[in-house]
Amino acid sequence: MESSRGLLMLGLFAMICSITFASEPSPLQDFCVADSNGPGTGLHIAGNTSNAVGSRVTAVNVAEIPGLNTLGISLARVDYAPWGINPPHTHPRATEILTVLEGTLEVGFVTSNPENRLIKKVVYKGDVFVFPIGLVHFQRNIGYGNAAAIAALSSQNPGVITVANAVFGSNPDISPNILAKAFQVDKNAVLNLQSKF
Ligand code: MN
């Protein structure tokens, strides 16, 4: 009985630790503003979506608001042209909660190996959707007008890894032979993709 309670306590402790260690460290002071002359957010301005993917992310992290330093939170505005996408990407240091300001979005993320399960949903103005830390996720504007959303992220500096850019647009290139084998396509298909990023 005692030993099973001990195991339970150990399990609880491990669970609490895993939660604690997964977040940013607690700040040691109320705030820590390194530079009080930040460049401002520009959040009131719709981002220019005239690009290959038809979307624009306007990040508002510690680089734009120095007052976020040590506080473990930031924002981004995402604008989408009709049928524009925010391509598959991941934030290595933050969970994201997305609120739709305008339009209709198809949103989704993929769970880790071995399931790689796609969890997706159509969200409307005022809806929210959560992308868990580290998981690959995306959005697509499935309406006929522009769409906009605000993403809140659980880090002052969430980081972004865009899958296509990281894999096919690294500097220098990952060897096409490696990518051909990884993606099970011939080398020309890889070279074609690498030429786009
Ligand atoms: Mn994101």
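The figures here come from the full heavy-atom set of this structure, side chains too, leaving out hydrogens, waters and symmetry mates. Numbering of ligands and ligand atoms starts at 1, following listing order. Keep in mind that what you see is a predicted model, and the values were worked out from it rather than measured.
- Closest of all the heavy-atom pairs between A148 and Y80 is N-CD1, 4.1 Å.
- For K125, the salt bridge (Lys or Arg N to Asp or Glu O under 4.0 Å) partners two or more places apart in sequence, or in a different chain, are E102.
- Residue V160 is not grouped with residue I150 when hydrophobic side chains (ILVMFWY) are merged at heavy-atom distances under 4.5 angstrom, including chains of intermediate members.
- There is no path of hydrophobic side-chain contacts, each under 4.5 Å, that joins L193 to F138.
- Residues N157 and S155 have side chains that never bring a donor and an acceptor to within less than 3.5 angstrom of each other.
- Note on the Mn ion (ligand 1): protein N/O/S atoms under 2.8 Å are H89 NE2, H91 NE2, E96 OE1, H137 NE2.
- The aromatic ring centres of F131 and H137 sit less than 6.0 Å apart.
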